[in-house]
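These numbers come from the heavy atoms of this one structure, side chains and all, not from hydrogens, waters or symmetry mates.
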Amino acid sequence: MDKAKKRSIDRASQYMLERADKENILTAWDRLETMQPQCGFGQLGICCRNCSMGPCRIDPFAEEEQTGVCGASRDTIVARNFIRMVAAGAAAHSDHGRDITHALWLAAQGKADAYGIKDEEKLKTLAREYNVKIDERSKEEIAEELAVKIFAEFGRQHGEIRMPLRAPEKRIKLWRELGIMPRGVDREIVETMHRTHIGVDNDYKNILMHGFRTALSDGWGGSMIATDLSDVLFKTPEPILARSNLGTLSPDEVNVVVHGHEPTLSDVVVDVVRDPEIVELARKKGAKGVNLVGMCCTANEILMRHGIPVAGNFLQQELAILTGAVDLMMVDVQCIMPALSSVASAFHTKLVTTSPKNKAPGVTHIEFKEEEAYEIAKKIIKMAVENFPNRNGNDIHIPDENQDLVAGFTAENIYNFLGGTYRATYRPLNDAIIQGRLRGLAGVVGCNNPKIKHNFGHVEMAKELIKNDVLVVVTGCSAIADAEAGLLTPEAAFKYAGKGLQEVCEAVGIPPVLHVGSCVDNSRILIALTNVVLEGGLGEDISDLPVAGAAPEWMSEKAVSIGCYFVASGVFTVLGNPFPILGSKNVTNFLCNEVENLLGGRFAFEADPVKAAHLMIEHIDKKRKVLKLKPLMYH
């Protein structure tokens with residue numbers, strides 16, 4: 001158990017890690033140990049494989065400046081490697097947005113019966129934004145034209161994409177002056193690959209600034225499209241009560257885990273598991289019913305809209321199968337460990353891939369098509385039910401942890417929570433900051449990483465921030481970590497929060513940590529910050545606000561893109577482990593210091609989540625001082 005406690009702070013995960021050890025089943029933590037020592041050149045970012053003259057690597061201790069065979073300096077190599085990570089992350093989230101747009105386009109034409117327009121008001125709001133006529137037109141006609149116009153955002157060749165125009169005017173002006181206003185989503189990603197090809201851009205600052213433009217095409221483009229159109233298709237979330245952790249698995253029901261990131265199939269599965277034919281089949285097979293739970297960001301999508309329990313975050317995907325109770329795990333894209341197939345093979349669990357972008361050797365593949373969504377979902381759920389009798393009853397080990405949570409907060413419904421249905425406004429939030437009841441706001445997002453004790457960074461950072469009267473908003477795996485620690489309930493304010501934040505939470509009836517969605521839904525945070533600026537009294541730009549961001553356990557390229565679009569939006573952002581850039585003092589200094597003079601935001605690296613929280617608090621206090629706000633009420 002000592003080894004398990006060093007790996008995770010979550011008791012359910014510790015229990016399953018202990019079981020994995022006894023059963024000699026390898027998990028991500030074991031595979032990390034076998035990789036030690038990891039490549040130091042890679043960790044510093046000073047290796048280059050961009051042509052066949054290499055690979056080249058720069059000696060970090062060389063007394064004389066070294067270059068690659070082509071003459072690329074350490075600064076060029078590190079900057080190129082870094083923005084290629086940005087491009088990959090932006091591509092992943094933006095492709096998600098493209099797939100949602102495709103689903104809307106099919107639904108509007110009546111070619112995907114499983115989908116409909118569930119938020120007509122948001123559809124009309126977006127239509128106005130894109131100059132789509134709405135008078136005397138059906139919602140389907142509006143949606144079809146909107147989808148076509150949004151498709152064009154990905155391949156736009158001239159001008160600018162539209163959604164960044166939502167940002168404060170001062171920020172838009174800055175992006176244009178710096179030449180980083182995003183044009184087409186795909187164009188920025190392609191240009192990243194072109195710039196980093198051998199013999200193209202070798203000015204590290206020029207390279208990095210294009211990285212910020214690429215990230216902006218994600219945060220204020222592809223990701224924002226994914227969020228908004230998901231709301232149109234599947235409905236805009238509202239605060240909802242649900243449960244979290246591995247204890248949401250059921251010993252006497254068919255357990256289906258949906259894992260990945262895209263809601264197009266999982267949202268349909270929510271209806272399928274309630275289909276009378278499926279319910280009856282489950283009973284015939286000896287189960288009481290079908291228990292649907294989520295994993296990772298697919299979990300957050302159906303949690304936010306339907307209250308479906310969330311079984312865990314990234315590092316718990318293998319542990320869920322280790323319970324022996326998962327009859328089927330259905331996966332789509334992103335953050336799916338290839339190791340799942342080997343773990344599943346040790347149990348009766350069926351693993352099914354559904355995306356043409358993600359297949360695995362020896363794993364059942366049932367390709368998802370929007371036009372046949374319900375039929376495909378039903379086929380997969382029937383597989384799960386048929387597999388239920390294959391369980392070994394003595395081999396079921398479900399931890400007891402099963403924590404309540406409240407999720408479903410958005411930039412839109414925060415208006416109503418703060419101001420009431422009839423006078424929806426951000427004014428109470430701004431006033432709470434101005435008057436010193438709240439110190440400021442923080443966004444804590446990102447993945448898990450076995451290099452960092454599971455959930456420890458997220459939870460300890462959130463606790464320290466709310467203790468110091470900082471209202472925290474969370475997404476993705478970070479949100480799930482806080483849910484498992486009990487921080488996503490209104491009662492958590494009285495256990496963990498400072499007195500000022502307690503008063504706000506009590507008055508409004510909200511948790512001190514607000515779950516605003518999956519990792520693409522970081523775009524909700526950008527819109528919320530813009531709304532705070534527009535409400536007035538706290539400056540003219542996001543960079544003026546007493547806010548900060550963090551990713552204490554990040555591991556994916558998506559997190560690199562997210563961090564860059566927050567910094568490019570003017571947000572001070574702290575990471576639990578550094579980017580692979582430390583091999584270049586110039587690149588590191590630019591991203592962690594100089595860029596603040598250009599963009600108003602910058603990066604910092606701090607492994608200790610409590611120390612990182614205080615870096616954020618210091619930044620928030622600095623912004624309060626510049627704004628000449630009142631002293632904090634209770635400090």
Side-chain angles (χ1 to χ4, degrees), residues 12 16 114 234-235 240-260 263-296 298-312 316-317 319-332 344 347-352 354 364 366 368 373-405 407-408 480 483-484:
M16 298 319 303
F234 308 120
K235 81 178 183 180
I240 193 167
L241 182 65
R243 297 174 295 123
S244 67
N245 218 329
L246 296 172
T248 59
L249 294 168
S250 172
D252 46 21
E253 294 177 281
V254 178
N255 287 308
V256 177
V257 179
V258 290
H259 173 28
T264 41
L265 183 53
S266 58
D267 202 87
V268 177
V269 170
V270 173
D271 292 329
V272 169
V273 296
R274 297 165 183 162
D275 188 307
E277 182 185 344
I278 293 293
V279 173
E280 180 59 28
L281 180 62
R283 288 174 181 156
K284 285 182 179 178
K285 295 294 179 180
K288 289 185 177 179
V290 180
N291 179 45
L292 179 66
V293 299
M295 182 70 61
C296 235
T298 294
N300 287 321
E301 296 281 3
I302 56 176
L303 163 68
M304 295 274 284
R305 295 184 174 92
H306 303 285
I308 300 300
V310 51
Q316 290 178 291
Q317 58 187 281
L319 308 186
I321 295 175
L322 271 157
T323 64
V326 175
D327 300 295
L328 185 142
M329 181 178 284
M330 181 182 84
V331 305
D332 49 45
F347 299 89
H348 81 296
T349 304
K350 294 279 188 184
L351 184 64
V352 177
T354 62
T364 301
I366 300 177
F368 169 64
Y374 197 88
E375 293 78 7
I376 292 169
K378 200 167 184 178
K379 179 180 180 180
I380 294 171
I381 300 306
K382 280 184 177 179
M383 285 180 59
V385 176
E386 297 285 354
N387 195 33
F388 178 79
N390 296 323
R391 283 188 187 182
N392 178 348
N394 297 322
D395 206 31
I396 305 299
H397 297 263
I398 301 174
D400 293 331
E401 277 67 29
N402 189 339
Q403 177 65 46
D404 286 343
L405 67 99
I480 296 170
E484 293 173 345

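For the pair A344 and I321, the tightest heavy-atom approach, listed with the atom from each and the gap, is CA-CG2, 3.8 Å. Closest approach of L303 to A242, counting heavy atoms only: CD1-CB, 3.3 Å. Scanning both residues, E484 and Q316, for their nearest heavy atoms gives OE2-OE1, 2.6 Å. The minimum heavy-atom distance linking C296 with G260 is given by the pair CB-O, 4.0 Å. When all heavy atoms of A299 and V310 are compared, the pair lying nearest together is CB-CG2, 3.5 Å. What you find for A320 and L249 is that their closest heavy atoms are O-CD1, 4.1 Å.
Between I302 and F234, every side-chain heavy-atom pair lies at or beyond the 4.5 Å cut-off. Here the side chains of E401 and L246 are not in contact, with every heavy-atom distance at 4.5 Å or above. Contact of the K382 side chain with the I278 side chain is registered, since non-hydrogen atoms from C-beta on lie closer than 4.5 Å. The shortest distance between side-chain heavy atoms of D404 and R243 falls below 4.5 Å. Proximity of E301 to V258: side-chain heavy atoms (C-beta onward) are nowhere separated by under 4.5 Å. Side-chain contact check for H259 versus T298: every heavy-atom pair is 4.5 Å or farther apart.
A distance of 10.0 Å separates CZ in F388 from NZ in K288, rounded to the nearest 0.5 Å. The CG atom of D327 sits 13.0 Å away from atom CZ of F347, with the distance rounded to the nearest 0.5 Å. Interatomic distance, NZ of K285 versus CG of N390, reported as 9.0 Å (0.5 Å rounding). Atom CD1 of I376 sits about 8.0 Å away from atom NZ of K379, to the nearest 0.5 Å.
Under 3.5 Å, the side chains of N291 and N255 contain a donor-acceptor pair of N or O atoms.
For the side-chain contact (heavy atoms from CB on, under 4.5 Å) test with I480, the passing option among N245, L405, N300 is N300; the others fail. Here the options are V290, I381, I380, the test is side-chain contact (heavy atoms from CB on, under 4.5 Å), and the partner is V272; only I381 passes.
In this structure, the side chain of N387 engages the main chain of H348 through a donor-acceptor pair within 3.5 Å. Of the possible polar contacts, none joining the R391 side chain to the G324 backbone as a donor-acceptor pair under 3.5 Å is found. Checking side-chain atoms of T349 against main-chain N and O of V326 turns up a donor-acceptor pair under 3.5 Å.
A 6.0 Å sphere centred on NZ of K350 holds no more than 12 heavy atoms belonging to other residues, nucleotides or ligands.
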Next item on the list: Give the C-alpha distance, both sets of side-chain angles, the deciding distance and a yes or no for side-chain contact (heavy atoms from CB on, under 4.5 Å) between D275 and K378.
Entry: CA-CA 9 Å; D275 188 307; K378 200 167 184 178; 3.2 Å; yes

Margin query: Please evaluate residues I366 and M383 with respect to the criterion side-chain contact (heavy atoms from CB on, under 4.5 Å), reporting the C-alpha separation (whole Å), side-chain torsions for both, the decisive distance (0.1 Å), and the verdict.
Written below: CA-CA 11 Å; I366 300 177; M383 285 180 59; 3.5 Å; yes

Would you give me the side-chain donor-acceptor pairs under 3.5 Å for residues 263-270, sequence neighbours excluded?
from, atom 1, to, atom 2, distance (Å)
D267, OD1, H306, NE2, 2.8

